[in-house]
Amino acid sequence: MMRGKHIILGITGGIAAYKSATLARLLIKAGAEVQVVMTPNAREFITPVTMSALTGKPVVSEFFSANTGEWHSHVNLGLWADAMVIAPATASSIAKMAHGVADNMLITTYLSAKAPVFVAPAMDLDMMSHPSTAANIDLLRSYGNHIIEPAEGELASHLVGKGRMEEPERIFDVLDRFFSDTDELAGKKVLITAGPTYEPIDPVRFIGNYSTGKMGFALADAAASHGADVTVVAGPVDVRPSHPGVKVIGVESARQMLEACTPLFDEASITIFSAAVADYTPAHPQSCKIKREKTDLRQLDLIRNPDIAATLSSRKRPGQLTVGFALETDNETDNARHKLKNKNLDLIVMNSLRCSGAGFGCDTNKVTVFSPQGVIADIPLKSKQECARDIISILTRYDPYTH
Ligand code: CTP
């Protein structure tokens, strides 16, 4: 899929710049034409000679060639590209991109790029978690850029945390899939519930669970890259979609989630219930904080929450597909098949907390997909993004009448 594609590889000044050589190599091997644009600082970390030798093109770094006075046109570069990938993207370059500080060739090229832009942040964990970096990354995402989230692991500082640039193979994979994704879901609406729900006890306390929403958002990105018009109704989560087309409606409680989903459900061709919905909610949430010294609260009066999947699936019309999730700790298969039937779902994705690497918070998942007839796919342990893409491609091909 990369054959003949024009890729601008932007390199900024971070230790991870050494990985850009591998990324360039992978792109070239796959048949892409690669034009490297480096910031002045990037040249301190990897030489233009290495990059031009790998790509067969002189590296662009300055507005003018010092020798010939030749003007390097960022506008032409921006028009030439089928995609621009900035890897590594330092905190400083991300800030400049977010605010249009066009003081080097890479940022001017970014501002002129008409093609999709992929940004692979790389920095130390404190910089990564600083609110200004998070806000700048959110801004870039809101402008439609694709953020390739950094991985967790040992950093150049030897500290361990989030900030390590994603591996070149994975960045290559993101680009390759971007060009190979089909539009099988074009014109279709997909509704996804994601994350936990918070059930208020009083203004400062709630009943909740450990769901992070990662799987739901990965499904949303995968469905959007197949051309679907995707809306995620999410409980309180930190994750955001990478695909710029995904719409997000934030809610807190199960009731709010059902209310938000109800009008969207009728329009949706596919609905995926991946949220970890609290089954119970306090019967009498207090409007003021419950005070320890004034209350001897030993029990909470709870009432059942609505079952969103069962409620909506009960009014499914022909042609609508509903998919549930079952996260189990024991009797996995029986429980999953029971939920599939009881909630009137077409498919259920079962994962087990007994499998290491699957479940809440992990970046990986291992699942089995059931239809009423039995197992239709066993997806081995892989990243939640890859797992989501497999699930979406199963859904695009699934026809309940022929299974
Ligand atoms: N679900 C839902 N609304 C609820 C509870 C669950 O929409 N109130 C959905 C989940 O999003 C998931 C499926 O139903 O797709 C199964 O969720 P799970 O919590 O495993 O099932 P429960 O029916 O709550 O059963 P239990 O907690 O007893 O395992």
Legend entry - Asp221 bridged to Arg177 by N-O distance under 4.0 Å: no
Inset, instruction - Can you measure from OG1 (Thr281) to CG (Asp301) and round to the nearest 0.5 angstrom? - result: 11.0 Å
Inset, instruction - For Ser314, enumerate each residue passing the side chain to side chain donor-acceptor pair (under 3.5 Å) test, keeping only those at least two apart in sequence or located in another chain. - result: none
Inset, instruction - Please examine the side chains of Arg315 and Thr262, heavy atoms only from C-beta on, and report whether any two atoms are closer than 4.5 Å. - result: yes
Legend entry - Lys/Arg N to Asp/Glu carboxylate O, Glu328 vs Lys339, below 4.0 Å: yes
Legend entry - Main-chain N/O of Ala268 paired with Gln320 side-chain donor or acceptor, under 3.5 Å: yes
Legend entry - side-chain contact (heavy atoms from CB on, under 4.5 Å) between Arg240 and Ile137, intermediate numbers included: CA-CA 11 Å; Arg240 290 275 165 273; Ile137 290 178; over 6 Å; no
Inset, instruction - Tell me, yes or no, whether the heavy-atom count around Lys382 atom NZ, taken from other residues, nucleotides or ligands under 6.0 Å, exceeds 12. - result: yes
Legend entry - Polar side-chain atom of Thr295 near backbone of Arg292 as donor-acceptor pair, under 3.5 Å: no
Inset, instruction - Drop me the distance from Thr231's OG1 to Glu267's CD, to the nearest 0.5 angstrom. - result: 10.0 Å
Inset, instruction - Nearest 0.5 Å please: distance from the CG atom of Asn365 over to the CG atom of Asn351. - result: 4.5 Å
Legend entry - Minimum heavy-atom distance Pro200-Pro282, with the two atoms named: O-CG, 3.2 Å
Inset, instruction - With Met123 as reference, evaluate Leu155, Ile94, Thr90 under the side chain to side chain contact (heavy atoms under 4.5 Å, CB included) test and give the passing residue. - result: Ile94
Inset, instruction - Taking only Lys NZ, Arg NE, NH1 and NH2, and the carboxylate oxygens of Asp or Glu, determine whether Lys247 and Asp229 approach each other closer than 4.0 Å. - result: yes
Inset, instruction - List the atom of Ala91, the atom of Met127, and the distance in Å for their closest heavy-atom pair. - result: CB-CE, 3.7 Å
Legend entry - Atom NE2 of His338: over 12 foreign heavy atoms under 6.0 Å: no
Inset, instruction - Ignoring hydrogens and angles, tell me if any N or O in the side chain of Asp202 forms a donor-acceptor pair with the backbone of Ile290 under 3.5 Å. - result: yes
Inset, instruction - Output the distance between atom CZ (Arg337) and atom CG (Leu345), rounded to the nearest 0.5 Å. - result: 13.5 Å
Inset, instruction - Flag yes if more than 12 heavy atoms outside Asp103 fall under 6.0 Å of its CG atom; otherwise flag no. - result: yes
Inset, instruction - Indicate yes or no: does Arg397 engage Glu184 in a salt bridge with an N to O separation below 4.0 Å. - result: no
Inset, instruction - Measure the shortest side-chain to side-chain distance between Leu77 and Met105 over non-hydrogen atoms and say whether it is less than 4.5 angstrom. - result: yes
Inset, instruction - Starting at CE of Met38, measure out to OG1 of Thr47 and round the result to the nearest 0.5 Å. - result: 7.0 Å
Legend entry - Qualifying residue for salt bridge (charged side-chain N to carboxylate O under 4.0 Å, His left out) with Lys19, from Glu169, Glu167, Glu166: Glu167
Legend entry - Arg25 atom CZ, neighbour heavy-atom count above 12 within 6.0 Å: no
Legend entry - Polar side-chain atom of Ser93 near backbone of Ala89 as donor-acceptor pair, under 3.5 Å: no
Inset, instruction - Please check if the side chain of Thr109 supplies one atom and the backbone of Gly78 the other of a donor-acceptor pair under 3.5 Å. - result: no
Inset, instruction - Work out which heavy atom in Ala194 is nearest to a heavy atom in Met257; give both atom names and the distance. - result: O-CE, 3.7 Å
Legend entry - Thr368 (side chain) donor-acceptor with Asp378 (main chain) under 3.5 angstrom: no
Legend entry - Verdict with reasoning, Ser225 to Arg389, per side-chain contact (heavy atoms from CB on, under 4.5 Å): CA-CA 9 Å; Ser225 39; Arg389 284 195 287 262; 5.7 Å; no
Legend entry - Nearest atoms (heavy-atom pairs only) where Leu264 meets Val233: CD1-CG2, 4.1 Å
Inset, instruction - Run through Lys57, Arg3, Lys5 and flag the one making a side chain to side chain donor-acceptor pair (under 3.5 Å) with Glu33. - result: Lys57
Inset, instruction - For Phe179 and Ile7, run side-chain contact (heavy atoms from CB on, under 4.5 Å): C-alpha distance rounded to whole Å, both residues' side-chain angles, the deciding distance at 0.1 Å, then the answer. - result: CA-CA 12 Å; Phe179 287 117; Ile7 310 290; 4.0 Å; yes
Legend entry - Non-hydrogen side-chain atoms of Val237 and Pro196 separated by less than 4.5 Å: yes
Inset, instruction - Looking only at non-hydrogen atoms, find the nearest pair between Ala17 and Thr12 and report the distance. - result: CB-O, 4.2 Å
Inset, instruction - Report yes if some heavy atom in the side chain of Thr197 is under 4.5 Å from a heavy atom in the side chain of Val251; otherwise report no. - result: no
Legend entry - Full working for salt bridge (charged side-chain N to carboxylate O under 4.0 Å, His left out) between Arg317 and Asp266: CA-CA 8 Å; Arg317 53 178 167 70; Asp266 293 330; 5.9 Å; no
Inset, instruction - Evaluate the side-chain proximity of Asn41 to Asn104: yes if any heavy-atom separation is below 4.5 Å, no if none is. - result: no
Inset, instruction - Output yes when a side-chain donor or acceptor of Glu149 lies under 3.5 Å from a complementary backbone atom of Ile147, and no otherwise. - result: no
Inset, instruction - Could you check whether the rings of Phe118 and Phe178 sit parallel, tilted or perpendicular, using 30° and 60° as the cut-offs? - result: perpendicular
Inset, instruction - Please confirm whether the backbone N or O of Asn344 pairs with a side-chain atom of Lys316, one donor and one acceptor, at under 3.5 Å? - result: yes
Legend entry - Flag, side chain of His99 to backbone of Val101, donor-acceptor distance under 3.5 Å: no
Inset, instruction - Taking the side chain as every heavy atom from C-beta outward, state whether Pro48 and Arg43 have any atom pair closer than 4.5 Å. - result: yes
Inset, instruction - Would you mind reporting whether Tyr280 and Leu300 have side-chain heavy atoms less than 4.5 Å apart? - result: no
Inset, instruction - Side-chain contact test, heavy atoms from C-beta onward, threshold under 4.5 Å: evaluate it for Val174 versus His146 and give yes or no. - result: no
Inset, instruction - Could you tell me whether the side chain of Asn335 and the main chain of Asp330 form a donor-acceptor pair under 3.5 Å? - result: yes
Legend entry - Ile272 and its side chain to side chain contact (heavy atoms under 4.5 Å, CB included) partner, picked from Leu395, Leu191, Thr193: Leu395
Inset, instruction - Identify, with sequence neighbours excluded, every residue that meets side chain to side chain donor-acceptor pair (under 3.5 Å) alongside Glu386. - result: Ser383
Inset, instruction - Please lay out, stage by stage, how Leu219 and Phe325 fare under the test side-chain contact (heavy atoms from CB on, under 4.5 Å). - result: CA-CA 12 Å; Leu219 287 162; Phe325 267 73; 3.8 Å; yes
Inset, instruction - Would you give the length of the straight line joining atom CG of Asn209 to atom OH of Tyr198, rounded to the nearest 0.5 angstrom? - result: 8.5 Å
Legend entry - Minimum-distance pair of heavy atoms, taken over all atoms of Pro121 and Ile148: CD-O, 3.2 Å
Legend entry - Qualifying residue, where the test is side chain to side chain donor-acceptor pair (under 3.5 Å) with Lys343 and the options are Thr311, Asp307, Thr322: Asp307
